[in-house]
Amino acid sequence: MFRNQYDTDVTTFSPQGRLHQIEYAQEAVKQGSAVVGVRNKNYAVLATLKRTTSDLASTQKKLFKIDDHVGMAIAGLTADARLLSKYMRTECLNYKYVYECAMPLSRLVLRVADKHQIATQRVSKRPFGVGLLIIGYDQQGPHLYETSPSGEYWEYQAMSIGARAQSARTYLEKVFETLNSCSLDQLCRHAILALRETVAALKDIDLSTKNCALAIVGEDLDFTIYEDEDVLPYLDVIETGSSQPMDGQSST
Amino acid sequence: MQLVVDPVRHTTSPLVTGGSVIGIKCSDGVVIAADTLASYGSLARFQNFSRLLKVTDSCLLGGGGEISDFQEIQRLLENLTTQDFCFNDEHKKSPRSLHQYLGRVLYAQRSRLNPFWNSLIVGGYVQSQSFLGMVDLYGTTFESEVLASGFGVLLGLPLLRKAYRPDLTVQEGIKIVEEVYRVLFYRDARSINRIQVATATVDGVTISEPYSLETKWDFKGFVNPRSTYDESTW
């Protein structure tokens, strides 16, 4: 039954210097459906693939609005993500109450990463089984961060996490250097194309208004989620394969 | 067992106090000034005390009222800027943020029935925008083009409002503030003619060394107040 002597509690190192519970939590992130994040000089975009447990069920929530200037996409346990989103919302509100301005992204991500870290060092806790891609816009421009159950966090130009995220990352590695000079529409297109890579190998799934959602935040745009028919204009560009700029703003 | 517990006691009146603080918003920055007196009751106890503070590279604070409370607030702000430094992410508090923060702190204190007995004027200049705001001992916050605290509300504000123009320069602002302090020195018994003037402009924050204002006491009414009228004009 026990494959491993050192994986029953979070706080015990294996002789190889590893914490197996954390690695299992990171495995939960890899099993979650894929999310993609990209950023240029003025905007940050998230694209997500929503999954259902059955044809009768609605899709799992992948995108969370945290504040007017911050939002996130999740891969892994949705219930854990809900708790973290509540925490982040409270932090943003509190900051706004005390300082009358939007919370800097670096501070928010640091706090949520610290929350992850605490769960890796206490006997009575377990790591969060969720990875976050957090986008936001503050005084220093747009940001894209990833957090991990281990408590680590990174800032990126483009990133993808979740199931088959490696194929999306391969796509992003090819284009990330061009992102800063992209328009918002081109940025969204790259996000959708990267996301499509994660389902390319699957016969029975393709991106549609049912399973795809997009979120944008930027200098003149509060964090906005586009799903169902609102996401159609962004998907249409993929279908036709054209790189023509589309009228993305009108879909609100 | 002791059944009767003494009630919690707080200081209910200030001991060592600073007088008026004056602030004026200009097109190219803000000017805040204070005299250098810290009175012990009616005694001019400390005559070279600075009541102006550089908080960040773009933000100024001037304080009147209880001096020890002002020093405590000074400590809180140093903490805040130290924390910002430790985050190492280049985010600094804007004048507006500091104004709001001080409002929260002073409101929290007064809600404990133990207020910081101060009136604070926050000024700053960020991204070509001047900011000037005030916080009182109840935690009330407000913004205005011209601000005064203490006796300056009665004697200074009317002069400031008359002199104010949206296109004032900092240099003109300094002249106006000096004039206001001259008037205050003639009429306010808790003032001194030694002032400091601080500015926040595109070049950052500067606080002048204390300097004395020229005063003129040989007006007829000063020399022989009873010569023209039967009763004193004072």
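The chains referred to below are lettered A, B, ... by the order of the sequence lines, with proteins before strands, and numbering in each begins at 1.
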Assess the side chains of [X] and [Y]: does a donor N or O sit below 3.5 Å from an acceptor N or O?
{"X": "A:Asp185", "Y": "A:Ser183", "value": "no"}
{"X": "A:Tyr43", "Y": "A:Asp220", "value": "yes"}
{"X": "A:Arg189", "Y": "A:Gln186", "value": "no"}

Counting heavy-atom pairs under 4.5 Å with chain B, the top scorer among A:Gln139, A:Arg107, A:Gln140, A:Glu100 is A:Arg107
With a sphere of 6.0 Å drawn around CD of B:Gln129, does it hold more than 12 non-hydrogen atoms of other residues, nucleotides or ligands? no
Atom group of B:Asp84 that falls short of 4.5 Å from chain A, counting heavy atoms: both
Hey, which of B:Lys93, B:Glu90, B:Arg96 has the most heavy atom pairs under 4.5 Å with chain A? B:Lys93
